[in-house]
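The model shown is predicted, which means the values in this text are computed figures rather than measured ones. Heavy-atom basis, side chains included; hydrogens, waters and symmetry copies ignored.
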Amino acid sequence: MNDKGQPGRILLLPGDGIGPEVFVPVLGMLETIRKSGKANLEWEEAYIGGVATDKTGVPLPPETLQKVDRANAVLLGAVGGPRYDTLPYELRPERALLGIREYLGAFANLRPARIFPELVGASTLKPEVISDLDLMVVRELTGGIYFGKPRGIVTEGGVRRGINTETYSEPEIARIARVAFELARKRRKKVTSVDKANVLESSVLWREVVGLVHKDYPEVALEHMYVDNAAMQLVRNPKQFDVIVTGNLFGDILSDEAAQLTGSIGMLASASIGGKTGLYEPIHGSAPDIAGKDLANPLAMILSLAFLFRYSLDREDLAGQIEGAVRAVLSQGIRTSDIQGEGSVKVVGTREMGDRVLREFSNAQGR
Ligand code: IPM
Ligand code: MG
C-alpha cells in the first residue's frame with residue numbers, strides 16, 4: 001500500500017470489556033494519518049464477541065464476516081465478560097475469536113516479548129534477568145487441541161466425560177516451523193521448539209517435522225525443549241530465547257508468561273498471519289474487572305496498530321512512528337497503573353495515556 005495506490009481497508013472490532021476504551025487512541029491515530037495524507041486509509045467497525053451476541057444473537061455475525069472479506073487487515077480489541085460466561089458454548093464470545101482466526105486462516109500468531117528500557121523497573125523480575133529482553137513466541141493458532149476432534153461433553157452410563165483432542169498434521173507443523181525459521185533468520189538465528197514429546201505422540205511428530213524443516217535453514221540453530229522446562233527457563237533465564245515455536249495451547253500459556261516478563265500484559269501486541277488477511281490484537285483479554293474505569297493500559301492496542309501497518313500494509317514508516325510515540329511518552333515517565341514503578345513520574349488513566357501518545361504521534365506527523 002502507498003499513498004497513491006488502493007486504499008488500505010481496515011476493519012475495526014473493538015469487542016467487549018476494555019476493548020472499546022483502548023480503541024479510542026487508535027481511532028485518533030487513523031484520523032491523524034488520513035488528515036496528513038500520508039496514507040490512503042479507509043476503515044469501518046463491526047461487532048464481535050458478547051456485544052455482537054447482544055445486538056445480533058450470535059458472537060460472530062455474518063455481517064461481520066462480510067466486512068472481514070472486504071478488509072486488508074483486521075484490528076481486534078478483546079472479547080468476553082462474566083455476563084456471557086453462562087451462555088451455551090457455541091454462543092460464548094471466545095468462540096468468535098477462534099472463529100475469526102479460523103475463518104482468516106491466520107495460522108501463525110506472532111507474540112513478541114520485548115522490553116522497553118523505560119520499563120525494566122516495572123517487571124517483577126530482576127533487571128539483570130530481563131534488561132534487553134527480545135524474544136518472539138510463534139504460536140500455532142488454528143490447530144491443536146483448540147480445534148481437534150473429537151471434542152465435547154458426552155454422557156456414558158450416566159457419567160459425564162469432557163473430551164478434547166490434541167492433533168497436528170505434518171503440513172500444519174511444517175508451515176508454522178517455516179514461519180519460525182524465517183523470522184529467526186532475520187533475528188538472532190535461534191529457534192527453540194517447545195513440545196511434550198516425552199508423553200504425547202502429537203509432540204513426537206511435531207519434533208520430527210520441525211527437525212526436517214530445519215534442514216532448509218542450516219544457518220539457524222534449533223533446540224527442542226519440553227514445555228514444563230520452557231516454562232521454568234522463561235523465568236530463570238529468558239534471554240536464552242530468540243524465537244520460540246510451539247502449538248496452540250502451549251503457546252497460549254507461554255505467551256502470557258513471556259508477556260509478564262516485560263512488565264505487564266498491557267504492553268504486548270500480536271499479529272496473526274499466514275492467511276489472506278492479517279489479524280492484529282493485544283494479547284491481553286477483555287479485563288472485565290477494570291472495564292469502564294479508565295484504568296486499562298491502551299499501549300498494547302496502540303502497538304497492535306503499529307504491527308498492522310508493518311505486516312499487512314507494508315508501512316514500516318508509520319509503524320515506527322507509532323512505536324516512537326509510545327517510547328516518547330514512556331520516557332517522560334508517564335505510566336498507567338499496571339506499569340508504574342521505578343522511573344514513573346506520573347500515573348495516568350486510559351484516556352490520558354491515549355491522548356498523550358496521540359499527541360506525540362500527531363506532532364511526528366507534522367514534522
Ligand atoms: C489468547 C486468549 C484466547 C486464546 C482466548 C480468549 C480464547 O487467551 O488470545 O491468548 O486462548 O487463544
Ligand atoms: Mg491467552
Would [X] and [Y] pass as an ion pair if we require N to O under 4.0 Å?
{"X": "Glu128", "Y": "Lys126", "value": "no"}
{"X": "Glu281", "Y": "Arg111", "value": "no"}
{"X": "Glu323", "Y": "Arg327", "value": "no"}
{"X": "Glu219", "Y": "Lys189", "value": "no"}
{"X": "Lys38", "Y": "Asp317", "value": "no"}

Q.
Quick check: closest heavy atoms across Phe361 and Leu318, and the distance to 0.1 Å?
A.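 Closest approach of Phe361 to Leu318, heavy atoms only: CE1-O, 4.4 Å.
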Q | Heavy-atom closest pair, residues Thr336 and Pro298 | A |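 Closest approach of Thr336 to Pro298: CG2-CD, 4.1 Å.
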Q: Report, as yes or no, whether the 6.0 Å neighbourhood of atom CZ on Arg114 holds more than 12 heavy atoms from other residues, nucleotides or ligands.
A: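 No - once you tally the heavy atoms of other residues, nucleotides and ligands closer than 6.0 Å, there are 12 at most.
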Q.
For the OH atom on Tyr47, are there more than 12 heavy atoms of other groups (residues, nucleotides or ligands in this structure) within a distance under 6.0 Å?
A.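 Open: at most 12 neighbouring heavy atoms sit under 6.0 Å from OH of Tyr47.
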**Q.** Geometric cation-pi criterion Arg139 and Tyr146, 6.0 Å radius, 45° cone
**A.**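 Arg139 over Tyr146 ring: yes.
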Q | Expected output: side-chain Ser131 to main-chain Pro127 donor-acceptor under 3.5 Å | A |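 Side chain of Ser131 to backbone of Pro127: a pair is present.
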Q | Lys67 NZ to Leu11 CG distance, which is reported to the nearest 0.5 Å | A |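 Going from NZ on Lys67 over to CG on Leu11, the span is 7.0 Å.
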